[in-house]
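Below you'll find the structure, written out as structure tokens, and then a few comments.
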Amino acid sequence: MKLFSRIIGKGRPLIIVHGLFGMSDNWQTLAKRFATFFEVHLIDQRNHGRSPHSSDFSYADMAQDLLEY
């Protein structure tokens with residue numbers, strides 16, 4: 001599944017995944033600070049935020065989505 005992500009900053013990649021019931025927007029304030037040193041990837045997991053929604057929804061599915069990302 002192609003996950004929605006927002007990328008800010010330059011440098012080594014730093015991937016941020018939101019918590020339960022969250023979305024990438026929740027991390028924007030801290031991501032701007034981290035972006036001074038890193039290329040920050042704010043990711044919406046499946047069925048959250050702007051990522052696609054699916055009836056297949058498990059931790060294994062979400063882990064596979066991140067590996068594909």
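Throughout, residue positions are numbered sequentially from 1 according to the sequence presented.
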**Complete:** Rounded to the nearest 0.5 Å, the CZ atom of Arg46 sits from the OG atom of Ser55 at a distance of 9.0 Å

**Message:** Show, in sequence, the C-alpha distance, side-chain angles and deciding distance for Asp25 and Arg6, and conclude whether the salt bridge (charged side-chain N to carboxylate O under 4.0 Å, His left out) test is met.
**Reply:** CA-CA 9 Å; Asp25 291 350; Arg6 182 179 296 110; 3.2 Å; yes

**Asked** Out of curiosity, Phe38 CZ to Ile8 CD1, how far, rounded to the nearest 0.5 Å?
**Response** 12.5 Å

**Note, Val40 side chain near Ile7 side chain (heavy atom, < 4.5 Å)** = no

**Asked** Do Ser51 and Leu3 have side-chain heavy atoms sitting under 4.5 Å apart?
**Response** yes

**Request:** Test side chain to side chain contact (heavy atoms under 4.5 Å, CB included) on Ser24 and Ile43 and set out the steps.
**Result:** CA-CA 5 Å; Ser24 62; Ile43 299 173; 5.9 Å; no

**Asked** Counting N and O atoms only, with roles assigned by atom type, does the side chain of Asp44 sit under 3.5 Å from a partner on the main chain of Arg50, one being a donor and the other an acceptor?
**Response** yes

**Request:** Please tell me if the side chains of Glu39 and Leu14 come closer than 4.5 Å, counting only heavy atoms from C-beta onward.
**Result:** no

**Prompt:** At what distance, to the nearest 0.5 angstrom, does CE of Met1 lie from NE2 of His53?
**Reply:** 9.0 Å

**Item:** Gln64 side chain to Asp61 side chain, donor-acceptor N/O pair below 3.5 angstrom
**Value:** no

**Minimum side-chain heavy-atom gap Trp27-Val17 below 4.5 Å** = no

**Asked** So, for Tyr69 and His41, is the gap between ring centers shorter than 6.0 Å?
**Response** yes

**Message:** Around atom CZ of Phe57, are there more than 12 heavy atoms from other residues, nucleotides or ligands closer than 6.0 Å?
**Reply:** yes

**Fill in**
d(Leu42 CG, Ile15 CD1) to nearest 0.5 Å is 10.5 Å

**Asked** So, Asp65 side chain and Gln45 main chain: donor-acceptor pair closer than 3.5 Å or not?
**Response** no

